[in-house]
Each structure stands twice: as C-alpha cells, then as structure tokens.
Amino acid sequence: MEKITGTVERIVYRNMSNDFTIFRFNLENEKQVTVKGIFFNIHPGISLEILGKVSMNKYGEQFEAINYSERPPITLGNIEKYLASGFIKGIGPIYAKKIIKKFGDATLDILEFNTKRLLEIPGIGMKKIDSIITSVEKQKDIKEVMLFLSGFGISSNYALKIYRNYGKESLDIVTKNPYQLADDIVGIGFLIADQIALKIGFDENSLARSKAAIFYSLKDKSRAGHVFVYRKELEKYVSKIVNIDNEQINYAIDILVKENKLISSNEEGLERIYLTYLFIAETGIVKEFTRLYQKDTIRKDKNINEVINELVKENKFLYNNAQIEAIRLSYLSKILVITGGPGTGKTTTVIGIIAMLKKMNLSVVLAAPTGRAAKRLSEVTGCEAQTIHRLLEYNMEIGFQKNCENKLEGNIFILDESSMIDVNLLYSFLQALPDKSSLILAGDVDQLPSVGPGCILRDIIDSKVIPVVYLDEIFRQAKESKIIKNAHLIIKKRKPDLINANDSDFFYIKEANASKAVELLVDLCAVRLPEKYGFNPIEDIQILVPMKKGIHGSINLNKVLQGVLNPQGKSLVYGDNIFRIGDKVMQIRNNYEKRIFNGDIGRIIDIDDDSNLLVDFDGVSISYEQSELDELLLGYSITIHKSQGSEYEVVIILLSSQHYIMLEKNLLYTAVTRAKRLLVLISTDEVINATIKRENVLKRNSYLADRLTNNFSIN
C-alpha cells in the first residue's frame, strides 16, 4: 500500500453513474501520474491524499486508488495560525503577524532554509533566531499536521493536542476516523469531529457517525450528572444532534451493545443505556460494599461507651446524642454515613472519631475529593489528609496504582465532602480498600451533587441499607451566624431572614434591574466591602452565580470585574479571554499531571514572551503552555457548581430571573454555605421565594439506590 499527495491537474474520464474517475495528478515532487478509482465530485485544483497501489495495463502505469481524503490548501491564514500557536519557541501571535506581512508565501521556505532572514523583522535578534532554528528543526513533523488540520477549522491549540496524542500517525487517524478525536482529545467533542468527517467525505448516514453521535450524547448526559439514559430519551437526544432516523439510531445502539461498548440494563420494564464504564462503576459499588461486609472485623470486645466517656472528659466537650452515636458507630460499623449542615458539629464529630479510634490503636486515613477540601480537613483535624487521587497514587499513564490488586493500608478510612464524589471515583476508591477496613462517608447531603455522574451520598442514604447519622442540632455559637441560620431556613423551604443589621454576617440587597445589579456588584466588590471591612477584592471576595452565560453569567461578570480590578498590565489574548498578570483564574478540568483540579483558583504571576502563563495555586507555581490555556478561565466570578468543596472569606451571590432554569433551593443553599465571614445576596423577593420552593430541577438518572436496596444487606 502506498500514499501519494498532490493536486488534480485534469479530469480524463468520469462515469457519472458510479463516480469512477481517471485523472492526471501532479505530485508534490512535481512528477505527474495517472490516477483511477472512485472519486466523488473532485475537480481540477483540488488537493488530495490518495492511498492505493501502482498497476500496469495497456495504457501504461497508473495509480489505483483505494481510499482518499481532501487536503485543504495551505493559506497564509493557516501559516499564521501555525506560527502563532507558540509551538515554535520565539514566535508568538505578534511576531507571526509581522513575519507573514514581511514574507508572505515564502514564509515556510524562509523558516526552514533561510532562517537568518528573520533578522529583517524588528525585535528579532540572533538569540531568538537560534531558539527558532532549534525549534523548527524539532517541529518538522508537526508542521504538516498543523497546516493540514487548520484547513478544517481546527485551532492550532487543538492541532497541537492531536499531534501530542497521535504523533506521526495524526493525519492517518484524522482522515480515516476523525470521530476518534472526540474520544481521545480533551476539548474536541463530537461536533468538531463531525465537521471534519463531513468535510473529508464521510457519509452522514454512516454507522461510524451514528455510533459517534450516540457516544457523544451519552457522554454529554454524563457531564450533566446522569449515570444512564433511558433508551427512548437517547433516541430523541441523538436525533436532535444529527439528522439520523430512529431506525438507524436503534440499529447503532444494538451494535454497540453487542460489541460491549454500551450496556443495556432492563429493570422494571425500563431499558437503561449505560456507557460500559459507568455500568461497571454503579454495579461495582454494590459488589464492593458487599465485599467489605463479608470480611467483617470483630471490634466488639472493648467497651466503646467507656472510651467515649473518657474522650468527653479529656476534650471537655459535651457532644450531643447524635454525635455520640456517630462516634460509637464509627467503631462498630463497616460502613457509616455522617451528614449534617453548617453549624451542626460535623467537623467536631470527625475530630472526636479520630481521637476515639486512636485510643483503640486503629489507624485512620483521611481523604477528600479536592485539594482545597483536603487542605481544610488537615487544618481542622490536625492530621494529614490527601485528595482521593493522591491517596490512590494516580498516574497519568496507568491510572490508579492503588487498586484491587494493590490495596491501601489502614483500618478506618474517612472521606469528607462525600457529596462531591462521583460513581467512578467511589468505585475506584472502594476497590483499593483492604477487606478488614471500615469506611466513613461524611458530607452534607443537601448540597449540590458531584460535578461528575451520580448522586452518591443521596443514593446511599435513600437506599436505607447503610447506617446513617443525621446531625441536625445547630450549636449555640453557630446560631449567632445569620449565614448558618439562613442556610437551614432555605433547605427547609422557608424564607430566609432578609432584614439587614449592622453587626450581621448576611446582607440582602434588592435589585431587579439587570444592569444596575451588575453595577451594584462591582461597587460592592471594588469599593464598599474593601473600604468598610478591609477585604482584598481579588483575594478575599468571590462572586457566585448559577450560570455562565447572560449579563448575569460568570463570563460577562469576569470581563466586567477584570476591567475594574485588574485593568492594566502584561496580557495575553486567548480566544475570547484576556489573561493579565495579577488576574484571578480558575482551573476548569482535572489535570492530574499538574495535580491541579476542577474548581481550583489561583493568580497569574507571570506571562513570558512565548505566551506561557505561570499561575500560583496556594503557593505552588504551575506553568501553562499556550495550548493548555483552554483549561483556565477568569475566576473573579464562578458558577455555584464550581464552588463546591471550597470556602471563601466573602461571597457575593447574584441571583436573578435570568437564571430561572437553574434555580432551586439546593443551589442557593450550596452558595450560602460557601461564605465564612460575610455574605451579600443581590436578588429580589420574587426570585428568592421561587428558588426556595423548587427542588430536583435537574434530577439525575441513577439506579444506585435501587441496586443497593435490592442487592445489599448488612444482616
């Protein structure tokens, strides 16, 4: 099999009934060959890459085509994108524009064969020339890939990610199965891959396209928190995305199920379609719980009540009945859930549990889903706490190194902020637990569920098969906080206390006008709160909103706040974002290699000449190349979902009718409980009343509670 590339010179023959075509083809080395094969709607001047073999007949030597793909023409725009990508060290967006303007079509030849001519560009000296020469030599392979992909509208950053993932095979993979990009490359979803496929010539009714659309739909639903999708719902969802009829969709689903790439689960007459790994995780949690109980550890030989009494005397702390029960069951139970809202003593209870278990000479391991949650757990308990990923020794190439074959060590494992854990992470964690260990899940069940699929804490509680301790008594000191008082009123669907007082930690400002609400928010953040309380507007104050889009969305508010709080300084334009030194930024997806996770917030401390950012995350400096900047957003304003597991000195919540589709009591409750010292709520009575009356607006598809109820018992 041989591959040739070039341009169609002249059509010699075409059979219109079956598209059999013979044409003269100018190769890139200026040699001309005759090509024959099935070609759809090609014309002189089109650039092609053809896979096939040389054959001989009475007309002489011909190239017999088996497959082909269109190669977009290389334009000056393509070349500029390639140079501006930052992949060639020493050339960024500014110099890319200057080089193209100076050398035009000769740019690539000058870069490769006469690089010193770049000295003609003001600002480029020999030191930069040396850097460019070294980089060009290293990047010869990627040049072709990036120029080719940019012709299909793929940004240089995505092209770079594709090359890093596939290397020299990039072009083959993109042309043979562009839908693979959606599975392998973060940021390239089905819609981009589909555009490439259709441009290359894939049939819009092909099985490959149908399969890819189904996978995309299921993954999109999983990003919304669903563990499965009902088959009928899946049909409708796929048909909205692509123009494929239901018969074709169902055929593709059946094929994927036969190939074990999807799982069809049929209980109670309802067919649920799962991505295979989500089905394994959901059913695996039940199996792992069963394993832990089957390997029970006898711990009833000591008088736990006496130990607790000693603990109370030593700590001089009067635990309430629910806390005593939680401490007692932490010793006696294989699996225990402790849940409670703010001010109910959840942290104090965990501290008591740790002290009691240490008295019993049992080792305790603490973990939480995020870095911030783990850090806070360490601070309040005085014991080491890790992220779950770090505890399981996550490795980019092989996944979790602690697993069913290489177990963790410890007697009691406590997972804090358990409402944030999704099905995949809990399953991975349970597999690594030693048989004789016990598990305590602590968290606030009334907070929003995890960003990933599932509703773990709620499902486990609803199953009614795992012991649960509810901490619902608000301690006297906490009762003095209006933040805590209002949080509990909201979760009970009661109107919060919105009367302002000078010594309060909760303030309500009524504003119905959309533009005035934004002006008010900016004034509070930039002027009023810093002047009255001395808060740093960037470090201490966090704006929380339900959504990203709209005038009251985080995207618009970030631009407005950046213009006021950090308007000047060295900057970098990336897509619709402007990043400046001093900006607050947020990581928007897990990056295990950098050990930075979804929702982490930092400050930009440097931008170098090659468009790389240096970001400080709680004292740790993390470098981002230009191709990685899609992992960052400005962080002055973030969505309430992204704030889970974090606490901020001051929180300003903007809640308006523009957010109606997202409004529910758990959302507002989560936002209110993020504030440590001060909270300001900008809204209207009508919006607040509507919000606290709504719940389960975006109910998740999960079958874990039923599986636990039907298949698991501690008796």
Side-chain angles (χ1 to χ4, degrees), residues 372 376 482-483 500 502-511 513-548 550-572 577-588 599-607 613-619 621 632-640 642-656 671-683:
R372 287 201 166 201
R376 180 176 176 275
K482 205 167 171 182
I483 292 174
N500 294 327
N502 287 332
D503 59 347
S504 177
D505 60 359
F506 187 113
F507 292 93
Y508 167 53
I509 304 178
K510 189 184 301 186
E511 183 53 72
N513 182 281
S515 298
K516 288 183 179 179
V518 174
E519 293 174 6
L520 173 61
L521 183 148
V522 171
D523 187 44
L524 283 165
C525 191
V527 181
R528 291 165 61 176
L529 293 179
E531 285 185 356
K532 183 171 183 178
Y533 299 99
F535 293 125
N536 183 310
I538 297 179
E539 295 287 348
D540 298 329
I541 301 174
Q542 186 61 58
I543 313 300
L544 300 183
V545 291
M547 299 172 69
K548 292 188 290 186
I551 187 174
H552 290 170
S554 60
I555 295 173
N556 178 61
L557 293 177
N558 272 320
K559 290 179 180 178
V560 173
L561 288 163
Q562 182 192 49
V564 174
L565 300 178
N566 194 31
Q568 296 179 332
K570 190 172 184 179
S571 63
L572 169 66
N577 292 310
I578 299 174
F579 293 115
R580 289 196 183 98
I581 293 177
D583 273 337
K584 180 192 286 190
V585 291
M586 178 180 64
Q587 177 79 14
I588 60 170
D600 284 352
I601 288 181
R603 292 282 296 274
I604 298 174
I605 56 177
D606 190 28
I607 301 175
L613 293 188
L614 192 64
V615 182
D616 179 272
F617 289 96
D618 290 329
S621 296
L632 292 175
L633 288 177
L634 291 175
Y636 301 99
S637 173
I638 65 175
T639 64
I640 296 168
K642 290 289 187 184
S643 73
Q644 287 176 264
S646 298
E647 287 186 329
Y648 313 99
E649 293 296 311
V650 183
V651 168
I652 302 175
I653 303 170
L654 177 54
L655 207 66
S656 78
V672 168
T673 54
R674 299 308 90 205
K676 291 168 67 175
R677 293 176 58 188
L678 185 68
L679 183 137
V680 181
L681 173 61
I682 303 172
S683 189

**Prompt:** Heavy-atom count around Arg603 CZ within 6.0 Å, excluding the residue itself: above 12?
**Reply:** yes
Closest non-hydrogen contact found for Leu681 with Leu655 is CD1-CB, 4.3 Å
- Query: Counting only N and O atoms by type, is there a donor-acceptor contact under 3.5 Å from the side chain of Asp540 to the main-chain atoms of Phe535?
  - Reply: no
Heavy-atom side-chain contact between Ile653 and Ser683 under 4.5 Å:
no
Using a 4.5 Å cut-off on heavy atoms from C-beta on, say whether the side chain of Pro537 contacts that of Leu529.
-> no
Subject >> side-chain contact (heavy atoms from CB on, under 4.5 Å) evaluation trace for Ile682 with Leu524 >> reply: CA-CA 10 Å; Ile682 303 172; Leu524 283 165; 3.8 Å; yes
### Query
Where do Leu561 and Leu521 land on the side-chain contact (heavy atoms from CB on, under 4.5 Å) test, with the steps shown first?
CA-CA 9 Å; Leu561 288 163; Leu521 183 148; 4.0 Å; yes
Which of Arg674, Lys676, Arg677, Arg376 passes side-chain hydrogen bond (donor to acceptor under 3.5 Å, both in side chains) with Glu647? It is Arg376
In short, His552 meets Ser656 closest at the heavy-atom pair ND1-OG, 2.8 Å
Given the options Gln542, Glu539, Gln562, Lys584 meets side-chain contact (heavy atoms from CB on, under 4.5 Å) only with Gln542
Handout entry: Heavy-atom side-chain proximity of Ser554 to Ile638 below 4.5 angstrom
Key = no
Min side-chain heavy-atom separation Leu557-Tyr636 under 4.5 Å: no
Here the pair of heavy atoms bringing Leu654 nearest to Ala517 is CD1-CB, 4.0 Å
Worksheet item: Hey, are the side chains of Arg528 and Leu520 touching, using non-hydrogen atoms and a 4.5 Å cut-off?
Response: yes
